[in-house]
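Worksheet: the structure to be examined is printed underneath.
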Amino acid sequence: MTSATINDNLTQLAQNQSFAVSEAGLTAQLASLATASEPNNFSSNSQQSPVATFPQRTVSGPSSNNTESPFGNAFTSGQAQGFSFKNTSSTEHSGYNFSTASSGNVQKFSFTNSSLGDGPFTFNESPANAPAHQPIPSFTFTPTKQHQDMPNNKLQTPSSHQNSRQGPPTNEAPRMTQNNMPAVSRKPPSPTTPIAQQPSFLNQEQEAPDLPMSLADASKLGKMLNTTLRDSSALVVDRNDPKSPLYSLKSFEELDLKSELLKGIYSMGFQTPSRIQEITLPQLLSNPPRNLIAQSQSGTGKTAAFSLAILSRIDPSMSIPQALILSPTFELALQIGSVIERMAQYLPYISIAYAVRSSPTLSSTNLVRGQLLPQPIVIGTPGTVEDWCRRRRIIDLSKLRMCCVDEADVMIATEGFQQTCVGLVKGLNPACQMMLFSATYSDEVMTFAREIVTQPIVLRLKREKQALNNIRQLFIRCDNPEQKFYAIEQIYSHLVLGQAMFFCRTKATARALAIRMSNEQHSVRELTAALDIEQRASVIRQFRERVFNVLISTNVTARGIDIDDVSLVVNYDMPVTMGGKPDFETYLHRIGRCGRFGKLGYTFNLISSDQDFNTMKAIEEYFHHPINEITIEAIGNLEPDQT
Ligand SMILES: Nc1ncnc2c1ncn2[C@@H]1O[C@H](COP(=O)(O)OP(=O)(O)OP(=O)(O)O)[C@@H](O)[C@H]1O
């Protein structure tokens with residue numbers, strides 16, 4: 001097929017809204033999906049400071065009508081607040097690259113901005129030719145006068161801040177060091193001691209175990225003052241908007257799902273499929289089965305897409321593992337299982353074996369070596385799955401009919417996972433249907449994925465479409481760790497509308513932050529790899545049940561975790577690779593913990609060094625998505641949404 005023909009077909013099919021289950025139909029669906037992406041409001045030229053210094057706190061002029069901010073006019077206009085959203089310019093980027101393999105050769109279709117060509121779509125030979133980006137200038141951190149004047153220990157004098165809504169200072173002064181810092185306990189806490197009883201060691205130089213209760217009270221006061229802040233669950237992006245990745249033209253009935261499955265998903269509150277479900281399900285259910293490598297933004301329903309495909313194909317007459325789902329973490333494996341259990345509640349022959357350490361359904365003593373599991377679906381982490389396949393021989397890879405790799409990019413690219421996953425995939429029967437899903441794929445990972453998956457259909461998002469517009473991205477400059485904590489306090493006091501996740505780089509930082517916030521009577525818990533599996537399961541369960549508001553974590557929960565009420569993500573530390581480079585994918589997954597399925601979410605990046613700033617700028621450039629500045633003062637000044 002020539003590029004002109006493809007272009008004509010796409011244009012015509014998109015106009016006709018034809019969604020027949022055929023190659024052309026698939027292409028049309030993709031074209032439709034492509035136009036459904038959100039407007040790109042980023043202009044790298046206008047955002048990028050040419051000056052090689054850390055930008056000062058520039059204040060945008062009054063932003064006319066930012067009715068989307070839940071924080072209202074005070075958040076969006078004027079010098080006093082120091083913050084405004086950029087105006088969006090509505091463009092029609094498709095956001096998707098789509099390619100399908102035929103006869104061993106991968107044809108690649110790329111949908112691009114209509115303004116770049118005659119039709120709404122253009123054909124590119126290689127989607128790997130990603131748009132070139134400007135080199136990132138280096139920045140020097142130059143605190144503003146305002147920052148320099150800020151007291152080092154804001155925590156002691158919250159009410160001294162002109163914009164603070166916090167409570168009055170107490171008369172009791174904290175114990176101070178010679179440097180006028182609160183005294184610090186350097187003794188590391190025991191992991192077994194309840195957080196609330198442990199001393200804080202967030203900043204080894206600035207620790208405040210003796211702080212009077214002013215912060216906790218101040219925080220409560222802040223919350224009382226913000227009682228009119230809207231419940232985040234009300235902030236749902238309109239699914240009728242054809243630009244939304246949640247928009248679809250089909251109903252679940254039209255996807256040819258079993259009636260029991262329809263009953264299951266309707267009982268979960270699903271009404272219509274999302275884009276990724278609408279597009280991938282017909283492909284995954286086609287005969288002969290097709291392999292798929294799919295990408296869709298965080299929180300757009302990938303789990304349901306592969307789960308429905310797997311549940312549709314399970315043969316009730318076979319009591320052996322038929323489908324394997326690989327997940328990078330224990331938490332995610334359990335979450336996927338609980339989604340499948342709910343979907344399959346009217347399919348009595350469905351059961352799940354969890355191949356994870358401390359499996360909730362199978363203790364290792366129940367496993368009989370060499371005797372295949374009776375459960376048709378196995379969900380697990382690579383190490384345990386490999387153990388069950390190779391050593392215990394209770395899963396026969398050659399008998400599996402479906403294999404899904406969730407968070408596929410990290411599974412096939414990360415040292416430690418790669419060898420195991422690729423080894424498992426190589427042991428599969430060639431007829432086994434492969435499904436790879438993720439919100440992110442670097443070009444290298446995609447190339448590698450194509451090598452291990454035979455003749456896949458590839459559904460890929462353009463980079464600038466990967467960051468969702470329903471997740472607002474902001475940054476706050478903090479000159480030192482104490483200011484970071486002060487910013488966190490302000491955010492917690494004023495903006496934790498539902499639930500929030502705070503991401504730290506290391507287990508130690510997460511623990512220290514959790515301890516310190518707990519000591520301030522804030523409703524937080526930590527979840528890191530330092531906890532054992534039972535503790536991790538318990539923390540995530542309690543978070544789901546809203547026993548506490550803020551989960552302080554590391555990258556262990558950056559991917560996949562789906563908690564409906566999370567409306568705020570804070571990068572306490574910016575995500576970087578082991579080599580200190582910006583970790584683009586992890587950033588996107590972290591912020592994707594809020595703004596699930598179209599809800600409005602807010603992300604704050606705490607920037608306290610040149611490296612942080614450069615990392616943030618590189619991320620901004622990479623995804624072509626603005627990260628706007630807000631001052632710490634402005635956080636305390638936010639007003640309830642007027643819209
Ligand atoms: N068709 C649908 N209708 C309504 N809600 C849906 C639908 N599909 C999925 N959801 C809900 O949307 C939320 C996000 O779905 P899911 O966790 O599958 O996203 P995801 O794309 O896998 O995200 P991530 O990339 O973060 O793993 C879940 O709470 C899920 O129940």
Side-chain angles (χ1 to χ4, degrees), residues 33 36 232-233 236-240 244-255 257 261-262 264-281 294-311 325-329 331-343 345 379 404-411 435-441 459 461 465-468 470-471 498-499 501 503 540 543-544 555 557-567 569 585-599 601 603:
L33 183 149
S232 67
S233 62
V236 179
V237 166
D238 187 1
R239 290 191 64 188
N240 295 324
S244 163
L246 309 180
Y247 176 84
S248 80
L249 283 172
K250 283 193 174 174
S251 64
F252 277 118
E253 277 84 0
E254 289 171 273
L255 296 176
L257 297 170
L261 270 181
L262 286 176
I265 52 180
Y266 288 142
S267 77
M268 293 169 75
F270 293 13
Q271 287 169 353
T272 52
S274 66
R275 288 276 168 182
I276 189 73
Q277 294 161 2
E278 176 188 50
I279 289 166
T280 56
L281 274 165
Q295 179 179 26
S296 175
Q297 297 96 333
S298 299
T300 53
K302 294 185 288 295
T303 311
F306 64 73
S307 301
L308 287 170
I310 286 171
L311 287 169
I325 302 171
L326 289 169
S327 142
T329 63
E331 287 84 0
L332 191 49
L334 297 197
Q335 181 180 289
I336 294 167
S338 90
V339 170
I340 293 182
E341 280 168 14
R342 289 170 71 200
M343 276 176 182
Q345 59 191 285
I379 307 175
C404 174
V405 186
D406 195 17
E407 307 298 341
D409 60 328
V410 79
M411 297 287 270
M435 315 169 199
L436 270 54
F437 279 85
S438 184
T440 52
Y441 291 93
L459 181 62
L461 276 174
K465 291 294 138 194
Q466 294 176 19
L468 289 162
N470 57 304
I471 301 174
Q499 288 177 288
M501 292 174 76
F503 286 102
I540 205 90
F543 192 45
R544 279 187 203 291
N555 286 341
T557 57
R559 285 173 175 260
I561 296 299
D562 176 55
I563 295 179
D564 204 38
D565 204 25
V566 172
S567 56
V569 166
E585 285 78 22
T586 297
Y587 178 84
L588 208 64
H589 286 278
R590 280 185 181 183
I591 71 170
R593 294 319 97 214
C594 67
R596 306 295 291 168
F597 213 71
K599 287 186 178 168
T603 299

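Order of listing sets the numbers, starting from 1, for every ligand and every atom in it.
- Residues meeting the side chain to side chain donor-acceptor pair (under 3.5 Å) test with S438, sequence neighbours left out: D409.
- Looking at ligand 1, you won't find any N or O of D564 less than 3.5 Å from one of its N or O atoms.
- The side chain to side chain donor-acceptor pair (under 3.5 Å) test with T440 is passed by exactly one of Q295, H589, E585: H589.
- Taking a cut-off of under 4.0 Å to the non-hydrogen atoms of T303, the atoms of ligand 1 that pass are 16 (P), 17 (O), 18 (O), 22 (O).
- Within the 4.0 Å heavy-atom shell around ligand 1 one does not find M268.
- Those atoms of ligand 1 that come under 4.0 Å of a heavy atom in E407, given as number and element, are 27 (O).
- Scanning F270, F437, F306 for the heavy atom closest to atom 10 (N) of ligand 1 points to F270.
- For Q335, no nitrogen or oxygen atom sits less than 3.5 Å from a nitrogen or oxygen atom of ligand 1, counting backbone and side chain alike.
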Apply the test side-chain contact (heavy atoms from CB on, under 4.5 Å) to residues Q335 and R544: give CA-CA distance (whole Å), side-chain angles for both, the deciding distance (0.1 Å), then the verdict.
CA-CA 11 Å; Q335 181 180 289; R544 279 187 203 291; 2.7 Å; yes

Could you check S251 against E254 for side chain to side chain donor-acceptor pair (under 3.5 Å), going step by step and ending with a plain yes or no?
CA-CA 5 Å; S251 64; E254 289 171 273; 3.1 Å; yes

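- Polar contact check, G269 against ligand 1: no nitrogen or oxygen pair lies under 3.5 Å apart.
- The residue Y266 has no part lying near ligand 1, judged by heavy-atom distances below 4.0 Å.
- Put simply, OG on S567 and CD1 on I471 are 11.0 Å apart, with the number rounded to the nearest 0.5 Å.
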Let me see the working for L311 and I340 under side-chain contact (heavy atoms from CB on, under 4.5 Å), right down to the final yes or no.
CA-CA 8 Å; L311 287 169; I340 293 182; 3.9 Å; yes

So S327 and E407, side chain to side chain donor-acceptor pair (under 3.5 Å) or not? Walk me through it.
CA-CA 7 Å; S327 142; E407 307 298 341; over 6 Å; no

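- Remark: A558 pairs with F503, N555, T586, R590 by the side chain to side chain contact (heavy atoms under 4.5 Å, CB included) rule, at least two apart or across chains.
- Only the side chain of Q277 comes within contact range of ligand 1, with a heavy atom under 4.0 Å; no backbone atom does.
- For the residues R275, K599, H589, K302, the heavy atom positioned nearest atom 21 (O) of ligand 1 is part of K302.
- The G560 neighbourhood of ligand 1 comprises atoms 26 (O), 27 (O), with distances under 4.0 Å to a heavy atom of that residue.
- Between F252 and Y266, the two ring planes are perpendicular [angle over 60°; tilted spans 30° to 60°].
- Those atoms of ligand 1 that come under 4.0 Å of a heavy atom in Q297, given as number and element, are 21 (O).
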Could you walk me through whether T300 and S296 satisfy the side chain to side chain donor-acceptor pair (under 3.5 Å) test, starting with their C-alpha distance in whole Å, then the side-chain angles of each, then the deciding distance to 0.1 Å, before giving a yes or no?
CA-CA 7 Å; T300 53; S296 175; 2.5 Å; yes

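- Taking only non-hydrogen atoms, the option from I265, I561, D562, T272 nearest to atom 1 (N) of ligand 1 is T272.
- Contacts between R593 and ligand 1, counted as non-hydrogen atom pairs separated by less than 4.0 Å, involve the side chain only.
- Remark: ligand 1 and G299 share an N or O pair separated by less than 3.5 Å (distance only, no angle test).
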